[in-house]
Amino acid sequence: MKANYLDDLNERQREAVISLKGPLMIIAGAGSGKTKVLTTRIAHLMRNGVDAFNILALTFTNKAAKEMKERVEKILGGNEARNLYIGTFHSVFARLLRADAPKLGYPGDFTIYDADDAKSVVKTIINELNLDDKHYKPNLVYNRISAAKNSLMGPEEYQHDYYIQQEDQRASRPLTGKIYDMYAKRCFKNGAMDFDDLLFKMYVLLKSFPEVLAKYQHKFQYIMIDEYQDTNPAQYEIVKLLGAVHENICVVGDDAQSIYSFRGATIQNILQFEKDYDDVKVVKLEQNYRSTKSILNVANEVIAKNKGQIEKNLWTDNAEGDKIKLIRTNTDNEEGKFVSDTIAEQKLRNHYNNRDFCILYRTNAQSRAFEESLRRLAIPYRIFGGLSFYQRKEIKDFIAYLRVIMNSRDEEAIKRIINYPVRGIGKTTIEKVSIYANDQNITFWQVLENARDFGFKGGTLDAIDNFVTMIQSFRIMLDKHNAYEVAVQVGKSTNMVKELFNDKTTEGLARYENVQELLNSIKEFTETPTEDGELLDNKSLGIYLQQITLLTDADNTNDENSDVVKLMTIHAAKGLEFPVVFTVGLEESLFPSGMSINSREELEEERRLFYVAVTRAKSRLFLTYANSRYRFGQLQQNEPSRFLDEMPENFVDRSYAGGGLRNTGSVGGGVSWGGMFDKKRTTPAPAASNPLARTAPKPAAAPVSTHVPTPGFTADDPATMEAGMDVEHQKFGFGKILNLEGAPNNRIATVMFPQAGGEKKIMLNYAKLMIVKK
DNA sequence: ACGAAAAACGTTTTT
DNA sequence: CGTTTTTCGT
């Protein structure tokens, strides 16, 4: 191990590391070496005789947990760190619950419902109650239930809380409490816990079974919590219970980076930590090792607008660096083009690799323009977030089989696969089974097992019986075979693999490959020994299923070091850093989000989000916004974000934002009409349209499908079209009609589009053309 | 029962 | 605009 691990720390960091006993709060500013302190502290604990077995470290993401574990191992060397309990709240509690779930009436192999499963259950219940789904939107109702659980409020309490009832009344959803009650019962009946239950039930377990609480209080003598500013009341209470005996609780966080209140997190947890225990030691890490002075000054000045923060003064010894660059473009597409052009230019000028760049946005939907422009310049990229691997349809379908095999009570999973692949069990049958199950208060599966007794006959009965027999055969197989072998058999027996294999479309091919990848991951799982001292030989399918439900896209670290530009939401970027950052879409109603401009609290959270975005950058930061962008299908005009006004002038270069703050000009875009028809252009987009590309203008080029329709674009009636006309198409741009054919009500035009690869046949009923010149 | 076509719906952010 | 849900015809 490294002998001098304490020498690498500054004075404050060292103080935090060597304060081993008693409650400790570390206020860790952005880029102040938080992870280093946490990991060194764990190592130091162990060097001072604390058994890894007695240390619990809770993080927010799997990725953070993994990194922490690796770094501790690096300091200590060997595999001393193996017995550490490091993980996310959710995964650690899922593991603990696995042991004691039967005490609460759940199977040890309980299913974990992801948000999709949970919403689907809510939706089913709303339908069963015959409620008007105009008022009872599954999404909103589920959010309400989730918020209740995060505050440790059960269905009973919910229905008797005057204030809550008033709120639901006002929202025209008075029966939300009833739905919550039924939802909780249904999940229980299905042997399933949702994400929030992993916290909620953990709390219930500790509260109801003193011997269980005592066991863990004894085991976890030292507790560390990362990102404490993002914990919710349930997490807070659990930590309080677990740490009550030893009180060796170390929380690390930064109130300025609290960005998860929508998920029930309360910034009060960190603001009030000092009041929760006697003799709390507070250490502030204020030296930033990440960013330039320019970047840090901008961040500090903006966040200072928020009220009621923990006092701190983040500073750096780093160079002043370039000013932050603010760029305005006309449209969202031009914003994408600007960013891609600048990446290409910066790679040449400053010798960056693709991996040095990150594009940060407020909402996932914003990624598209950047994908297109990056693809056009052949710059490799990867989007984090959005649909994770395990949320793809073909994967969820396959996993649903495994879930049903493990847990016959899992109604959501059964419904998903009972007719996939198609086997003649349709909607009507499913509905009948559902009704019988509810009437008799038995599970969906039990009805299927006894289908004949419930009056199903003929082809339907055969289909159900075959399905039941097939699932049962998988279950028997599980006794003697491992998860991988069973999964392969599932793929064979159901014909799923073959079916996907025979689908030769691009998507079909991708789906086939995804399923193969899933099988590989199961194989890998069965061949890797567990690290946490649990049974090594019998790696059950149940554990695998519980694990993958808690994984997200960002945890897919296999191409961690691949040289690609990264795209993600600001939320997903928390804890990361990049040499060059583009924070895009800085417009009112987008960032800050239109949903969050109605209260000071919400607005301050948006500002913290902006702070997080700015502080991800090490040396260069570009902020961009567009005059107008497509949202909700139509062009929308936006004012620049208010956060831009809050930045100090002397560290910001606004010369590419039209000089002033408001809409007085813009960058890029201005491709003239004459240019559009210039057939000689065949190479990429004009570099001149990139304001920061001061190098000699590159040869101009014909962008493919980058066309921005002229304002007020409206399609003209196909009947009025004639050969020889100049027309505009929304995607292909301007062109000339060469020929017209087909029936009068289904005319097909041959159009020459100079900028979109030449002649195209267009079915006028589908593609919309606007006549430019007759 | 099942697919194709039409209509409706939606954007914060995620374990 | 793109995706999901409902409707409709067979």
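Here is the naming used below: chain letters follow the sequence lines, and residue numbers restart at 1 for every chain. Not measured: the values here are computed from a predicted model.
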Sugar-phosphate only, base, or nothing, as touched by [X] at under 4.0 Å among non-hydrogen atoms:
{"X": "Asn364(A)", "value": "sugar-phosphate"}
{"X": "Ser596(A)", "value": "base"}
{"X": "Phe89(A)", "value": "nothing"}

Between Arg416(A) and Glu411(A), is there a salt bridge with N-O shorter than 4.0 Å?
no

Counting heavy atoms from C-beta on, name the nucleotide in [options] closest to the side chain of [X].
{"X": "Ala572(A)", "options": "dT14(B), dT15(B), dC1(C)", "result": "dT14(B)"}
{"X": "Ala365(A)", "options": "dT11(B), dT14(B), dT15(B)", "result": "dT11(B)"}
{"X": "Thr363(A)", "options": "dT11(B), dT14(B), dT15(B)", "result": "dT11(B)"}
{"X": "Thr428(A)", "options": "dG2(C), dA1(B), dT13(B)", "result": "dA1(B)"}
{"X": "Thr429(A)", "options": "dT14(B), dA1(B), dT11(B)", "result": "dA1(B)"}
{"X": "Met595(A)", "options": "dT15(B), dT11(B), dA1(B)", "result": "dT11(B)"}

Whole-Å distance between [N] [atom2] and [X] [atom1]?
{"X": "Asp114(A)", "N": "dT15(B)", "atom1": "CG", "atom2": "P", "answer": "12 Å"}
{"X": "Glu587(A)", "N": "dT11(B)", "atom1": "CD", "atom2": "C1'", "answer": "14 Å"}
{"X": "Asp230(A)", "N": "dT14(B)", "atom1": "CG", "atom2": "C1'", "answer": "11 Å"}
{"X": "Lys119(A)", "N": "dT5(C)", "atom1": "NZ", "atom2": "C1'", "answer": "16 Å"}

Are any protein N/O atoms closer than 3.5 Å to N/O atoms in nucleotides 8-10 of chain B? If there are, list each pair with its distance.
| from | atom 1 | to | atom 2 | distance (Å) |
| --- | --- | --- | --- | --- |
| dC9(B) | OP1 | Lys134(A) | NZ | 3.2 |

Should the pair Tyr106(A) and Phe110(A) be assigned to parallel (<30°), tilted (30 to 60°) or perpendicular (>60°) ring geometry?
perpendicular

What about the rings of Phe262(A) and His571(A), do their centers lie closer together than 6.0 Å?
yes

Just checking Tyr361(A) against Phe591(A), ring centres under 6.0 Å apart?
no

To the nearest 0.5 Å, tell me how far Tyr236(A) OH sits from Thr231(A) OG1.
9.5 Å

Dot-bracket for DNA chain B, 5' to 3', counting Watson-Crick or G-U wobble pairs under 3.5 Å, with [ ] for crossing pairs and | for inter-strand pairs?
||||||||||.....

So, does Thr569(A) get its side chain near the phosphate of dT14(B), meaning an N or O under 4.0 Å from OP1 or OP2?
yes

Ignoring backbone atoms, test whether Ser593(A) places a side-chain nitrogen or oxygen under 4.0 Å from the OP1 or OP2 oxygen of dT11(B).
no

Residues which pass side-chain hydrogen bond (donor to acceptor under 3.5 Å, both in side chains) with [X], listed by chain and number, not counting sequence neighbours:
{"X": "Thr61(A)", "result": "none"}
{"X": "Arg607(A)", "result": "Asn306(A), Glu646(A)"}
{"X": "Thr124(A)", "result": "none"}

In whole Å, measure the gap between the P atoms of dT4(C) and dT13(B) for me.
15 Å

Taking atom C1' in both dT6(C) and dT11(B), compute the distance separating them and give it to the nearest angstrom.
22 Å

For Ala369(A) and Asn333(A), which heavy atoms make the closest approach, and how far apart are they?
CB-OD1, 4.0 Å

Let me spell it out: for each of Leu590(A) and Thr460(A), pick the nucleotide of DNA chain B with the closest heavy atom. Which residue's pick is nearer the 5' end?
Thr460(A)

Please lay out, stage by stage, how Tyr260(A) and Phe60(A) fare under the test ring pair (Phe, Tyr, Trp, His ring centres under 6.0 Å).
CA-CA 11 Å; Tyr260(A) 279 101; Phe60(A) 205 63; 4.9 Å; yes

Taking the six-membered ring of Tyr85(A), is NZ or CZ of Arg95(A) closer than 6.0 Å to its centre and within 45° of its axis?
yes

Between protein and nucleotides 2-4 of chain B, what N or O pairs are separated by less than 3.5 Å?
| from | atom 1 | to | atom 2 | distance (Å) |
| --- | --- | --- | --- | --- |
| dC2(B) | OP1 | Gly424(A) | N | 3.3 |
| dC2(B) | OP2 | Asn419(A) | ND2 | 2.8 |

If you apply the rule side chain to side chain contact (heavy atoms under 4.5 Å, CB included), what do you find for Ile267(A) with Arg608(A), and how did you get there?
CA-CA 12 Å; Ile267(A) 195 171; Arg608(A) 290 193 292 269; 3.8 Å; yes

